[in-house]
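A, B, ... follow the sequence lines: proteins, then strands. Residue 1 opens every chain.
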Protein chains: 2
Amino acid sequence: MNLTPTARVILGMIRHGRPTGYEIKQLVDVSTRFFWAASYGQIYPELARLEEAGLVESEPDPSSARRRREYRLTAEGERALDEWLASSGDLIYEVRDEGLLKLFFSDSLEPEKQLELIRAMRDHHQGIVDQLNAVEPGAREKGGGPYRVLRYGLRVHSSYVEGFDDLEKELQAEYGVVA
Amino acid sequence: MNLTPTARVILGMIRHGRPTGYEIKQLVDVSTRFFWAASYGQIYPELARLEEAGLVESEPDPSSARRRREYRLTAEGERALDEWLASSGDLIYEVRDEGLLKLFFSDSLEPEKQLELIRAMRDHHQGIVDQLNAVEPGAREKGGGPYRVLRYGLRVHSSYVEGFDDLEKELQAEYGVVA
DNA sequence: TCAGTCATGTAACCAGTTACATGATTAC
DNA sequence: GTAATCATGTAACTGGTTACATGACTGA
């Protein structure tokens with residue numbers, strides 16, 4: 001009953017009230033995206049596999065004018081989801097941050113280019129903070145896990161921004177630049 | 001001259017004084033690993049491709065008793081590395097954090113399990129902080145990009161730990177647990 | 001002598017993205 | 001009418017891990 005990575009988001013999202021591939025993708029894109037992304041190219045085939053495996057079942061939504069297939073968890077699916085949530089093995093934790101990699105190798109770069117890099121990273125994380133802030137009110141109302149995760153994200157990405165601000169000042173001091 | 005992701009670490013590490021696949025992997029594992037990993041299964045084939053493409057050249061190390069192939073950057077390779085470092089397009093930034101995904105869906109979990117999850121994540125990041133602290137003295141001495149990256153990592157992972165500590169207290173209060 | 005480390009490499013697999021294709025419905 | 005959005009899906013590709021295989025050298 002071992003779930004593939006994408007299956008975990010999908011089952012979770014179905015229980016969370018997102019019964020179609022499309023709706024799952026929509027919610028992922030404004031919530032889990034920053035720590036767990038998913039593309040249509042993963043979602044639709046995985047839904048089919050999950051149905052084949054008996055963890056979900058589906059039927060076309062007749063109340064909708066457009067083509068629309070609604071999924072729900074089977075008893076098996078509920079069990080598999082709970083099992084994963086309660087499991088206590090190693091948790092996947094992977095990061096790929098090209099900016100940090102550049103920074104690591106940045107000693108050969110001109111100061112101005114180094115600053116440019118740091119500012120780009122700062123802006124990127126500030127952008128995430130902004131996006132999180134934009135959904136904060138709605139999330140606060142609902143509370144629970146999603147809201148906890150949101151606040152966590154807000155905290156760490158703000159800490160990123162601070163870190164880059166400090167780095168920028170430090171570099172400017174080092175190279176004798178006057179702001 | 002577009003470098004594959006792994007090519008960037010490799011070229012950077014060669015310039016940084018790690019001329020063999022083995023040594024590249026060793027350094028990656030204690031430095032960039034937390035934001036840019038690489039496995040032997042990527043490194044060795046990529047070295048061969050880079051040589052084929054003329055970005056590196058190599059010869060067996062005669063001064064070594066064991067089999068050992070030393071790579072160095074060609075002029076082409078130097079140029080490609082510099083070009084990447086100075087480029088200013090979008091930077092890859094990807095995270096996959098299974099713990100946060102669980103937390104997102106954790107509302108159906110018993111409080112005790114929720115706390116367990118939060119503690120596991122806390123411990124994981126504390127472990128990273130410990131590992132970073134272990135290499136801090138050596139990195140401080142050398143300074144430059146690697147040291148900047150290290151301090152950044154220390155900062156954000158400490159902020160993760162704090163975040164989870166707070167979350168734990170919050171949950172305990174919510175569920176009326178007395179520490 | 002034997003465990004550990006240095007050192008290179010391959011094959012099978014896994015998980016993911018991007019781009020494309022299709023078409024209906026809704027809002028302006 | 002037409003642009004945006006809803007909605008599903010596939011094919012080609014990319015980038016990566018894991019496990020395995022091999023063997024020499026080094027230090028206790």
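Taking atom CD of A:Glu46 as the reference point, atom P of D:dT10 lies 13 Å away to the nearest angstrom. What separates CD1 of B:Ile92 from C1' of D:dT14 is a distance of 11 Å, to the nearest Å. For the pair B:Tyr44 OH and D:dT22 P, the interatomic distance rounds to 17 Å; values are reported in whole Å.
Listed by residue number, A:Thr20, A:Gly21, A:Tyr22 are the residues of residues 8-31 of chain A with a heavy-atom contact under 4.0 Å to DNA chain D. Residues from residues 58-73 of chain B placing a heavy atom under 4.0 Å of any atom in DNA chain C, listed by number, are B:Arg66, B:Arg67, B:Arg68, B:Arg69.
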Can you give each donor-acceptor pair under 3.5 Å made by side-chain atoms of residues 10-18 of chain A, sequence neighbours left out, with the distance rounded to 0.1 Å?
unit_1: A:Arg15; atom_1: NE; unit_2: A:Glu78; atom_2: OE1; d: 3.2
unit_1: A:Arg15; atom_1: NH1; unit_2: A:Asp82; atom_2: OD1; d: 3.0
unit_1: A:Arg15; atom_1: NH1; unit_2: B:Ser108; atom_2: OG; d: 3.1
unit_1: A:Arg15; atom_1: NH2; unit_2: A:Glu78; atom_2: O; d: 3.4
unit_1: A:Arg15; atom_1: NH2; unit_2: A:Glu78; atom_2: OE1; d: 2.8
unit_1: A:Arg15; atom_1: NH2; unit_2: A:Asp82; atom_2: OD1; d: 2.9
unit_1: A:Arg15; atom_1: NH2; unit_2: A:Asp82; atom_2: OD2; d: 3.3

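Listed by chain and number, the residues in a side-chain contact (heavy atoms from CB on, under 4.5 Å) with A:Ala38 are A:Val28, A:Ile43 (sequence neighbours excluded). The side-chain contact (heavy atoms from CB on, under 4.5 Å) search around B:Arg79 returns B:Met1, B:Glu76, B:Glu83, not counting sequence neighbours. With sequence neighbours excluded, the residues forming a ring-ring contact (aromatic ring centres under 6.0 Å, His included) with A:Tyr160 are A:His125, A:His157, B:Tyr152, listed by chain and number. Take A:Arg119 and apply the side-chain contact (heavy atoms from CB on, under 4.5 Å) test, not counting sequence neighbours, and it matches A:Glu112, A:Leu115, A:Glu168, A:Gln172. Applying the side-chain contact (heavy atoms from CB on, under 4.5 Å) rule to B:Glu170 yields the partners A:Arg148, A:Arg151, B:Glu174; only residues at least two apart in sequence or on another chain are considered.
Between B:Arg72 and B:Glu57 there is a salt bridge, with a side-chain nitrogen of the basic residue lying less than 4.0 Å from a carboxylate oxygen of the acidic one.
Counting only heavy atoms from C-beta outward, the side chains of A:Val95 and A:Phe35 never approach each other to under 4.5 Å.
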Stepwise salt bridge (Lys or Arg N to Asp or Glu O under 4.0 Å) test for A:Asp61 and A:Arg67 | CA-CA 8 Å; A:Asp61 174 12; A:Arg67 178 165 72 143; over 6 Å; no

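The stretch residues 22-50 of chain B participates, sequence neighbours left out, in these salt bridge (Lys or Arg N to Asp or Glu O under 4.0 Å) pairs: B:Glu23-B:Arg68, B:Lys25-B:Asp29, B:Glu46-B:Arg49. Listed by first then second residue, pairs satisfying salt bridge (Lys or Arg N to Asp or Glu O under 4.0 Å) with a partner in residues 97-110 of chain B read A:Arg8-B:Glu98, not counting sequence neighbours.
Under the 3.5 Å distance criterion, the side-chain polar atoms of A:Glu59 are left unmatched by any main-chain donor or acceptor of A:Glu70.
Separating the CG atom in B:Leu3 from the CG atom in B:Leu55 is a distance of 6.5 Å, to the nearest 0.5 Å.
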Sugar-phosphate means primed atoms, P, OP1 and OP2; the rest is base. With that split, encode nucleotides 11-20 of chain C 5' to 3' as B, S or - using protein heavy atoms under 4.0 Å.
-> ----SBBB--

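Between its opening and closing five pairs, the helix from C:dT1-D:dA28 to C:dC28-D:dG1 changes axis direction by 40°, a value rounded to 10 degrees.
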